[in-house]
Amino acid sequence: MPLIDIRTRAAAALADALKTEFDHITDEIILEVPPNRDLGDLAWPGALPLAGVFRTAPRAIAETLAEKTRWPDEITRVEIAGPGFLNLFLDRSTVLERLLRADEFKPQSQGKTIVEHTNINPNKAAHIGHLRNAVLGDVLVRCLLHLGHEVEVQNYIDDTGVQVADVVVGVLYLPEIDLAAAMDVEPSRRDDLIGRIIQALPGDTMPTPDSKDFDDLCWEIYPRVTNLYPLDENLAARRAEVLHAVEAGFDTMALDEAEFSLQRSVISGEPFSGRAIARLAAAVADANVRCHLATMARLGVAYDLLPHESDILHLGFWSRAFDLLKQAGAIRLEKEGKNSGCWVMSLADSPEFADMEDPDKILVRSNGTVTYTGKDIAYQLWKLGLLTDPDGSRHDFGYDLFTTWAQDRPASPVSYGAGDHRLGLTTSDAQQTLPGLTFGNGDRVYNVIDVRQSYPQKVVKEAVRILGHPEAADRSIHFAYEMVALTPAAVRIIEEKSGRSFGLDREQMQKAYVEMSGRKGIGVKADEFLDILEARAAEAIKDRAGEAELPEDLDSRAQAIAVGALRYLMARQSRNRVLAFDFDEALSFEGDTGPYLQYSSVRSRKIFDKLQKRRGEGRIEESEIDALAQSEIPNDLWALILECALRRDVVAQAVATLEFSLLAGHVHTLAQIFHKLYHAHPVVPEENENLRRLRRAVFTLFADEMGVLLEELLGIPVPEEM
RNA sequence: GCGCCCGUAGCUCAGCUGGAUAGAGCGUUAGACUCCGGAUCUAAAGGCCGUGGGUUCGAAUCCCGCCGGGCGCACCA
């Protein structure tokens with residue numbers, strides 16, 4: 001029985017009294033939790049604004065209502081305080097009792113919610129900015145599931161974009177000496193290097209994440225290519241060719257066939273075959289996707305579907321959306337001016353865009369190719385179930401099984417290749433289906449995307465609106481968050497470690513933070529950082545072990561602590577503030593950190609281990625709950641109980657505002673209350689049986705609550721020991 | 001220029017639909033259990049909540065102006 005339940009009933013009772021006593025009708029009665037427990041457990045400040053309306057002193061209003069309201073039975077006492085606050089006191093043992101009996105909350109489903117997150121360009125290793133996206137998206141998913149929603153998680157794969165093309169350009173056209181340097185091998189002829197790169201692909205397996213994976217190879221190649229574009233005009237032309245080849249596709253060409261074709265072209269000096277280029281690009285994208293999945297698996301982040309941009313192209317999603325947009329008169333072909341030859345969406349009629357210098361957005365380039373925003377409109381329509389064919393049926397992808405996965409506990413790492421969960425991917429064969437699974441057609445859609453993409457996101461939303469679906473547009477939500485940047489200190493550390501300079505000038509290094517850039521190669525790679533975190537956690541465990549023997553599960557403990565530190569770091573900061581990444585801060589395990597929370601949880605569970613050994617008692621049992629009825633519950637224990645009761649209120653609030661700092665703050669407060677009263681309320685040494693039972697009850701509640709909050713909601717694993 | 005975001009303790013940040021004495025962590029200083037784990041706890045010091053107006057019984061929170069910083073306004077994503 002969460003607190004929101006009592007709140008709702010008390011508010012309803014109060015509304016009734018307001019109606020009968022003052023003839024005042026309202027459905028907006030908000031009961032809040034006062035700043036401290038001396039004042040009460042719930043409070044209603046509503047008498048104050050009503051004083052003017054009723055021409056009565058607020059205290060008098062509050063007094064009347066206190067007396068006349070038929071309060072729910074959990075409320076034992078009502079007080080008037082200050083200028084007219086109505087303060088409610090709860091029956092402590094009743095609340096404790098009901099929380100322990102915890103009838104599980106099963107709400108009605110309100111249709112399917114689709115959450116799109118991660119969406120890393122499949123052309124290089126993930127960096128810590130991508131981790132922010134994945135953690136926020138994943139915590140949103142967990143909260144939605146907790147609130148009883150059906151959720152589908154999609155990780156969009158931009159496999160036909162410029163960025164993948166850039167890496168392919170690098171492989172095919174970067175000077176051999178540079179390419180070999182990027183690959184960290186002896187200089188060699190290109191056909192040999194191509195062979196080595198193809199050999200480095202993970203194939204159909206899921207790579208184990210380490211810092212020498214295929215995505216790390218791409219991380220080195222990519223900036224070398226982008227650095228060269230301004231210096232070499234030919235290279236830019238090559239990029240256009242590659243992009244074209246990628247869009248055209250490769251039919252069924254096998255990878256070894258493509259490899260042979262590319263190598264033969266190197267030797268003969270003939271141009272590369274378009275199909276072979278496209279096959280290579282697909283292999284590069286697929287390899288990077290696998291690496292990204294492996295990285296996210298470390299954090300316990302998983303997905304239901306990998307929609308591919310190439311399938312959006314090949315299955316005519318865009319051409320269908322294009323027709324719909326034309327029919328609706330939302331787009332036009334420009335005949336002159338700077339956008340001549342382009343199809344643009346006019347935004348001049350939308351108030352939000354009216355003041356823009358150029359309120360038009362190009363959806364089809366003058367060379368006939370579609371922009372990302374164009375494809376995104378089609379994708380968004382599909383997600384909302386609005387991409388329909390002329391016969392009224394839903395335009396859909398083909399689907400295949402990418403792999404299966406398993407997760408032992410809610411926050412454990414994800415292991416791919418086994419287990420009951422299926423991860424689907426889209427295919428270009430619309431007839432292909434995955435038995436028992438359907439995708440898309442969501443009632444509500446969250447797009448977890450960097451705030452810097454707000455403008456194109458607004459354009460996509462506006463397109464949905466113009467196509468006659470304003471209510472669907474409102475249910476399509478851009479979950480915007482600020483970027484992760486690096487403190488200058490962090491930049492210096494990376495430069496030192498990698499032995500190269502990013503060439504930032506003095507002015508840039510004086511600022512509060514430096515933006516990461518895949519194109520320039522400035523960034524902290526996700527796996528690299530997780531490795532550092534794990535090493536530091538292992539060190540901390542060893543330090544604390546002192547002379548004692550090292551635990552056998554040192555690695556898994558260190559992993560749990562690393563994940564806890566990282567996920568909490570990402571969750572606790574409000575989303576629209578730039579996260580300036582600093583190694584010292586991120587590697588801290590004390591204070592307001594994930595490990596602090598994990599420790600409080602471990603510490604509480606330990607009580608029961610010791611209790612079992614010394615007294616043969618454990619967690620509170622169902623049969624003992626009645627005996628708690630007459631317990632006197634002191635203030636500090638009560639504060640812990642009340643905080644536990646607050647979970648659903650907090651989760652609902654976090655989802656409504658998309659502010660997980662609220663959830664993080666709640667867990668931190670809870671852990672803090674526990675640590676503070678820990679010594680004052682010993683369980684094992686306590687001889688008084690009633691007192692011991694009460695404490696067992698409260699700590700059972702706390703341990704369970706932390707399990708739900710950390711593992712289920714924040715995805716932070718709680719190790720057996722730390 | 002237009003739009004969005006940020007400005008809270010020395011530093012990094014919370015502060016929910018306005019509500020009672022603005023909270024954490026780090027850092028600084030001084031302390032703590034022969035006890036269920038010290039990744040802990042106690043205490044001290046540290047705040048014109050950028051600034052000026054407005055609305056309100058009540059403003060860190062809402063509105064307007066200004067100052068400082070960031071981002072966006074691509075035939076990139």
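Quick note on labels: first sequence line is chain A, next is B, and so on, each numbered from 1.
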Student: Could you tell me if the ring centre of A:Tyr596 sits under 6.0 Å from that of A:Phe589?
Tutor: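 Ring centroids of A:Tyr596 and A:Phe589 are no less than 6.0 Å from each other.
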Student: Please answer whether B:A20 and A:Phe85 are stacked, defined here as ring centres separated by less than 5.5 Å and planes angled under 30°.
Tutor: yes
Student: Measure from CD1 on A:Ile61 to P on B:C57 and round the result to the nearest Å.
Tutor: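 Value for this atom pair: 13 Å.
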Student: Can you list the stems that RNA chain B is part of, where a stem is at least 3 pairs in a row, each Watson-Crick or G-U, with both distances below 3.5 Å?
Tutor: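 So the stems come out as B:1-7 with B:67-73, B:10-13 with B:23-26, B:28-32 with B:40-44, B:50-54 with B:62-66.
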Student: In whole Å, what is the span from the CD atom of A:Gln672 to the P atom of B:A14?
Tutor: 16 Å
Student: What interatomic distance, in whole Å, is found between P of B:A59 and the corresponding atom of B:A77?
Tutor: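 Looking at atom P only, B:A77 and B:A59 are 49 Å apart.
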Student: Checking the side chain of A:Asn688 only, and the main-chain atoms of A:Leu691 only, is there a donor and an acceptor separated by less than 3.5 Å?
Tutor: yes
Student: Check whether any side-chain N or O of A:Arg577 sits under 4.0 Å from OP1 or OP2 of B:C5, and answer yes or no.
Tutor: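 Negative; the distance criterion is not met.
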Student: Please state the P separation for the pair B:C26 and B:U42 - nearest whole angstrom.
Tutor: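 Nearest-Å result for B:C26 against B:U42 at atom P: 12 Å.
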Student: Just to confirm, is there a sub-4.0 Å distance from OP1 or OP2 of B:C75 to any side-chain nitrogen or oxygen of A:Asn367?
Tutor: no
Student: Just how far, in rounded Å, is C1' of B:G15 from CZ of A:Arg575?
Tutor: 16 Å
Student: Could you give the distance separating B:A30 and B:A45 at their P atoms, to the nearest angstrom?
Tutor: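 My reading of the P atoms in B:A45 and B:A30 gives 15 Å.
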Student: Expressed as a whole number of Å, how far does the C1' atom of B:G58 sit from that of B:G54?
Tutor: 15 Å
Student: Rounded to the nearest angstrom, tell me the gap between atom CZ in A:Arg332 and atom P in B:C75.
Tutor: 14 Å
Student: How many whole angstroms separate atom CZ of A:Phe589 from atom C1' of B:U40?
Tutor: 17 Å
Student: Could you state the atom-to-atom distance from NE2 of A:His668 to C1' of B:C41 in whole Å?
Tutor: 13 Å
Student: State which of B:A74, B:U17, B:G72 makes the closest approach to the side chain of A:Lys361.
Tutor: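 Of the options given, the side chain of A:Lys361 lies nearest B:A74.
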Student: Can we say A:Glu539 and A:Arg544 salt-bridge, meaning some charged N sits less than 4.0 Å from an Asp/Glu carboxylate O?
Tutor: no
Student: OP1, OP2 of B:A39 versus side-chain N and O of A:Arg544: anything below 4.0 Å?
Tutor: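 Affirmative; the distance criterion is met.
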Student: Do the side-chain N and O atoms of A:Thr487 and A:Asp582 include a donor-acceptor pair separated by under 3.5 angstrom?
Tutor: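 Indeed, the side chains of A:Thr487 and A:Asp582 share at least one donor-acceptor pair under 3.5 Å.
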Student: Using the P atom on both, measure B:G52 against B:C5 and round to a whole Å.
Tutor: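 Each nucleotide's P atom is 23 Å from the other's.
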Student: Provide the distance between the two C1' atoms, one in B:G23 and one in B:A14, to the nearest whole Å.
Tutor: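 Pairwise C1' distance, B:G23 against B:A14, rounds to 7 Å.
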Student: Over how many whole Å does the gap from A:Tyr568 atom OH to B:A14 atom P extend?
Tutor: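 Taking OH of A:Tyr568 and P of B:A14, I get 11 Å after rounding.
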Student: For A:His668 and A:Arg572, which I'm curious about, is there any donor-acceptor pair between the side chains at under 3.5 Å?
Tutor: no
Student: State plainly whether the residues A:Asp41 and A:Arg37 are in salt-bridge range, i.e. N to O under 4.0 Å.
Tutor: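 Result for this pair is yes, salt bridge flagged.
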Student: Starting at CG of A:Leu554 and ending at C1' of B:A39, how long is that distance when rounded to a whole Å?
Tutor: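 In whole Å, B:A39 C1' lies 15 Å from A:Leu554 CG.
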Student: Does one side chain, of A:Tyr481 or A:Asp450, offer a donor that lies under 3.5 Å from an acceptor on the other?
Tutor: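 Their side chains do not contain a donor-acceptor pair, so the 3.5 Å distance test is not met.
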Student: So, for A:His681 and A:Phe699, is the gap between ring centers shorter than 6.0 Å?
Tutor: no
